[in-house]
Amino acid sequence: MKKMGKTLLAAALMGAMATAVQAEDKVLNVYNWSDYIAPDTIAKFEKQTGIKVKYDVFDSNETLEAKLLAGKSGYDIVVPSNNFLAKQIKAGVYEELDRSKLPNWKNLDTDLLKAVGDASDKDNKHAFPYMWGSIGIGYNPEKVKAALGVDKIDSWDVLLKPENIAKLKSCGVSFLDSPTEMLPVALHYLGLPTDTQKKADLKQAEDLFLKIRPSIGYFHSSKYISDLANGNICVAVGYSGDIEQAKSRAAEAGGKVKVAYDIPKEGAGSFFDMVAIPKDAENVDAAYKFMNYLLKPEVMAEITNSVHFPNGNEKATALVDKEITSDPGIYPPADVQAKLYAIADLPAATQREMTRSWTKIKSGK
Ligand code: N2P
């Protein structure tokens with residue numbers, strides 16, 4: 001009996017060990033925006049925890065949402081912008097977070113948490129802010145000067161007035177491929193509410209884009225980084241940090257190409273990207289470990305130093321390079337921040353309308 005007991009105990013222990021090994025063998029599937037992490041963030045996590053990570057990237061909320069709403073995305077960690085997060089929470093896409101597994105939550109910026117919570121996730125039950133930024137204009141000052149006679153773009157007039165953008169066509173113009181972020185650019189410029197649900201307002205924005213459409217070279221939400229850095233295009237409407245990355249890449253390549261980023265004087269859109277766990281995640285334990293790792297100030301500071309977007313971690317700011325925190329394109333001063341509008345959480349019907357309109361704009365008809 002004693003012997004039998006020991007055998008049973010040994011078997012049980014071996015079973016438990018096998019489960020532990022299996023848990024560590026299970027891959028953590030992370031789905032994040034492209035160009036949005038430091039080169040060694042994942043490798044360091046894998047080394048510290050023994051958890052293997054499969055890291056995939058997307059460059060638009062629309063792409064992420066299609067996967068999430070189809071279900072069984074296969075991802076354990078995803079990073080939607082907060083307006084999309086709000087809608088996805090309502091659709092029951094996310095796990096409610098167990099804060100006891102996130103001791104580093106305390107490092108987050110409480111003002112930002114409250115702002116994104118009030119806007120899209122009451123009491124921050126499902127997500128925390130990763131990075132944020134603005135949607136402004138990146139450009140090559142020398143090429144713009146040759147085309148327009150000025151080396152600074154400080155107004156949306158330069159891109160939204162057909163006679164101006166026509167002069168930039170030959171040196172190359174790109175726009176983000178995102179109806180929910182680009183239609184508000186025109187709405188704001190026209191003095192219309194950026195969160196409008198009125199078809200007539202959206203039609204005015206569409207008409208404005210159709211007028212300038214012949215001068216837009218392409219619509220893409222990540223390719224412009226290398227094209228700006230290589231001098232293949234001269235203007236891009238894009239995400240602040242991405243354009244700042246283009247600036248650094250151009251400098252690292254010898255500095256022949258110059259890149260500048262400006263938030264036009266009329267103001268611009270802003271976004272807040274949030275880290276969340278889908279309800280059907282298969283590796284929830286590892287997802288919490290990854291979240292808690294991302295909440296470490298030194299980890300987030302390294303990411304900001306690398307991708308040039310401000311993060312949501314208050315304790316990280318002191319660890320970020322001074323040349324980054326003092327760059328007004330990355331950390332806009334209060335008067336510029338006051339001119340930024342948030343991209344709204346819109347009903348599915350309005351979003352569909354915007355997507356239809358965007359398809360029409362892209363095809364130019
Ligand atoms: C990263 C772009 C993320 C900002 N390349 C858009 N949410």
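Predicted model only: the values in this text are computed from it and were never measured. All ligand and atom numbering here is 1-based and tracks the order in the structure. All heavy atoms count here, side chains included; hydrogens, waters and symmetry mates do not.
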(request) Output yes when the distance from some N or O of ligand 1 to some N or O of Asp242 is under 3.5 Å, and no in every other case. (result) yes

(request) Examine distances only and state if a side-chain atom of Tyr293 and a backbone atom of Thr41 form a donor-acceptor pair shorter than 3.5 Å. (result) yes

(request) Between Gly133, Ser34, Ser270, flag the one that comes closest to atom 1 (C) of ligand 1 by a heavy atom. (result) Ser34

(message) Could you measure the distance from the OG1 atom of Thr304 to the CG atom of Leu319? Nearest 0.5 Å is fine.
(response) 10.0 Å

(request) Quick one: sort the Trp33 and Phe58 rings into parallel, tilted or perpendicular, breaks at 30° and 60°. (result) tilted

(message) If the cut-off is 4.0 Å to any non-hydrogen atom of Asp35, which atoms of ligand 1 fall inside it?
(response) 5 (N)

(request) May I ask you to list the atoms of ligand 1 that are less than 4.0 angstrom from any heavy atom of Ser81? (result) 7 (N)

(request) Specify the protein heavy atom at minimum distance from atom 7 (N) of ligand 1: its residue, its atom name, and the distance to 0.1 Å. (result) Asp273 OD2, 2.7 Å

(request) Check each atom of ligand 1 against the heavy atoms of Tyr36 and keep those under 4.0 Å away; list them by number with element. (result) 1 (C), 3 (C), 4 (C)

(message) Less than 3.5 Å apart, any donor N or O on the side chain of Asp59 or Ser34 sitting next to an acceptor on the other?
(response) no

(request) Please find out if less than 6.0 Å separates the ring center of Tyr239 from that of Phe309. (result) no

